[in-house]
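Owing to the predicted nature of the structure, the values given are computational and were not obtained by experimental measurement.
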Amino acid sequence: EAAMQMLDKVIDAKQANKDIEFQALSYKSAVLLSMHQFQQALDVAKLGAAINDRNSGIYGAMIDANVELGNYAEAVQLCDKMLALRPDLRSYSRASYIRQIYGDNRGAIDAMKMAVEAGVPGAENTEWARVTLGDLYLNIGSIDTAEMLYKEALTRRPNYVYAEMGLSKVEKTKKNYDAAITHCENAIRLISESAFISTLGDLYQLKGDDKKAKEIHEDVHKLLEQSEKEQNDDAAKVKHNGARELAMAHMKVGNYDEALEFAKQDISVRPNNIDANELIAWIYYMKADYANAKMHADKMLATNTQNANTLHKAGLIYTKAGDTAKGNELMLKAKTISPYIDPLIQ
């Protein structure tokens with residue numbers, strides 16, 4: 001809130017120096033993106049682009065906002081402009097993500113390789129790109145390559161949390177759950193991120209320790225609910241949109257009705273986003289409402305995503321909705337992309 005107030009003072013001053021106003025708008029869009037206020041972030045970034053349409057960074061903000069809102073065609077056009085202005089790590093990584101959204105896994109890998117090569121080894125953004133490249137390999141079942149990339153990132157940037165989480169995913173894929181838990185706990189000691197803690201709960205569940213898993217998921221659920229309550233009591237004008245995180249937390253503890261309400265909030269903001277549709281489709285599936293699950297599964301497949309876990313989920317949904325042929329086709333396709341389907345998807 002303090003950052004927003006300071007930036008608004010600069011923007012409202014309408015100074016003759018447009019460069020300062022542009023920088024303030026750029027920072028404001030970044031703050032809004034971090035708060036998951038995607039439409040506001042897009043509107044602010046557009047104001048910045050109206051002042052300076054030759055700055056690649058402002059295109060990055062507009063791409064990110066459009067992707068989150070599900071405006072994928074607009075994101076593609078903006079990414080082309082960003083690449084033309086400045087082909088660097090930031091633009092290559094966004095090109096990779098958009099290619100992945102449209103189901104071009106190999107193209108996504110090629111673009112992320114270019115992002116890594118464009119960066120300075122050891123720098124946070126370079127190692128983030130290296131870890132993301134590992135994630136892309138993991139999605140297609142190349143676990144050895146993924147592991148190598150995570151370990152390299154950890155060597156070049158010791159204690160890098162996302163590399164630790166990457167190694168946790170590798171060990172989970174290998175069903176070495178104790179090792180996966182160790183890497184996950186290493187990450188949590190560095191950053192107590194709710195998503196990391198929730199992953200820890202999943203790992204204990206896979207290990208067979210349901211009691212520990214339940215305790216962890218309930219802790220995450222309580223912490224997020226308390227955070228949401230405190231935020232609602234706060235006088236801040238702009239609040240963090242935690243609907244997706246709350247939906248997932250409720251789902252993990254079996255509160256499917258509450259999970260659905262938060263997922264509906266999420267989908268109301270970005271009805272065409274494939275991730276938002278995947279989440280609500282899966283909640284409907286868990287509630288045995290297969291007709292609604294299938295309706296959202298159609299939307300989560302709209303961009304021809306080739307994510308193995310997503311396709312397997314869709315296959316299960318279509319099968320339960322009565323389209324067994326389509327369901328089996330999707331699950332078979334998932335296994336051709338990667339034999340390592342998340343065992344929690346069932």
Answer yes or no: is there a donor N or O on one side and an acceptor on the other, between the side chain of [X] and the main chain of [Y], under 3.5 Å?
| X | Y | answer |
| --- | --- | --- |
| Ser96 | Ala111 | no |
| Arg270 | Glu68 | yes |
| Asp88 | Ser91 | yes |
| Arg90 | Ser56 | no |
| Ser168 | Ala180 | yes |
| Asp266 | Arg244 | no |
| Asn277 | Asn273 | yes |
| Ser192 | Ile188 | no |
| Asn176 | Ala179 | no |
| Thr155 | Lys151 | yes |

State whether Tyr177 and Lys207 meet the cation-pi test: NZ (Lys) or CZ (Arg) under 6.0 Å from the six-membered ring centroid, and within 45° of the perpendicular axis. no
Lys81 NZ/CZ over Tyr59 ring centroid, <6.0 Å and within 45° of normal: no
With a 6.0 Å cut-off (strictly less than), is the heavy-atom count around [atom1] of [X], excluding the residue itself, greater than 12?
| X | atom1 | result |
| --- | --- | --- |
| Arg86 | CZ | no |
| Phe22 | CZ | yes |
| Met300 | CE | yes |
| Lys239 | NZ | yes |
| Lys175 | NZ | no |

Pairwise side-chain contact, [X] with [Y], heavy-atom cut-off 4.5 Å (strictly under):
| X | Y | answer |
| --- | --- | --- |
| Arg94 | Asp64 | yes |
| Glu278 | His296 | no |
| Tyr137 | Asp144 | no |
| His312 | Leu330 | no |
| Tyr102 | Asn304 | no |
| Met251 | Trp282 | yes |
| Asn272 | Leu69 | no |
| Gln37 | His240 | no |

Would you say the side-chain atoms of [X] and [Y] include a donor-acceptor pair closer than 3.5 Å?
| X | Y | result |
| --- | --- | --- |
| Asp233 | Gln231 | no |
| Asp135 | Tyr150 | yes |
| Glu261 | Gln265 | no |

Straight-line distance of [X] [atom1] to [Y] [atom2], nearest 0.5 Å:
| X | Y | atom1 | atom2 | result |
| --- | --- | --- | --- | --- |
| Leu133 | Glu117 | CG | CD | 9.5 Å |
| Met62 | Asn71 | CE | CG | 12.5 Å |
| Gln306 | Ile337 | CD | CD1 | 4.5 Å |
| Leu136 | Arg99 | CG | CZ | 11.5 Å |
| Thr310 | Ile274 | OG1 | CD1 | 7.0 Å |
| Ile109 | Asn139 | CD1 | CG | 8.0 Å |

If two hydrophobic side chains count as joined below 4.5 Å and joins carry through other members, does [X] share a cluster with [Y]?
| X | Y | answer |
| --- | --- | --- |
| Tyr256 | Met295 | no |
| Ile11 | Met4 | yes |
| Tyr27 | Met6 | no |
| Val120 | Trp128 | no |
| Tyr160 | Ile191 | yes |

Under the side-chain hydrogen bond (donor to acceptor under 3.5 Å, both in side chains) definition, can you give me all pairs with a residue in residues 41-52, not counting sequence neighbours? Gln39-Asp43
Between [Y] and [X], does any NZ, NE, NH1 or NH2 come within less than 4.0 Å of an OD or OE carboxylate oxygen?
| X | Y | value |
| --- | --- | --- |
| Lys229 | Glu225 | no |
| Asp202 | Lys252 | yes |
| Lys326 | Glu329 | no |

Please work out which of the three classes, parallel, tilted or perpendicular, describes the rings of Phe262 and His250, given edges at 30° and 60°. parallel
Parallel, tilted or perpendicular, judged at 30° and 60°: which one describes the rings of Tyr162 and Phe196? perpendicular
Over all heavy atoms of both residues, which pair between [X] and [Y] is shortest? Give the atoms and the distance, please.
| X | Y | value |
| --- | --- | --- |
| Arg157 | Ala123 | NH1-C, 3.8 Å |
| Ala163 | Ala153 | CB-CB, 4.1 Å |
| Leu301 | Ala314 | CD1-CB, 3.9 Å |
| Ser198 | His217 | O-CE1, 3.1 Å |
| Leu89 | Thr126 | CD1-CA, 3.7 Å |
| Ser26 | Ser29 | O-OG, 2.7 Å |

Are Tyr290 and Tyr285 an aromatic pair, judged by ring center distance below 6.0 Å? yes
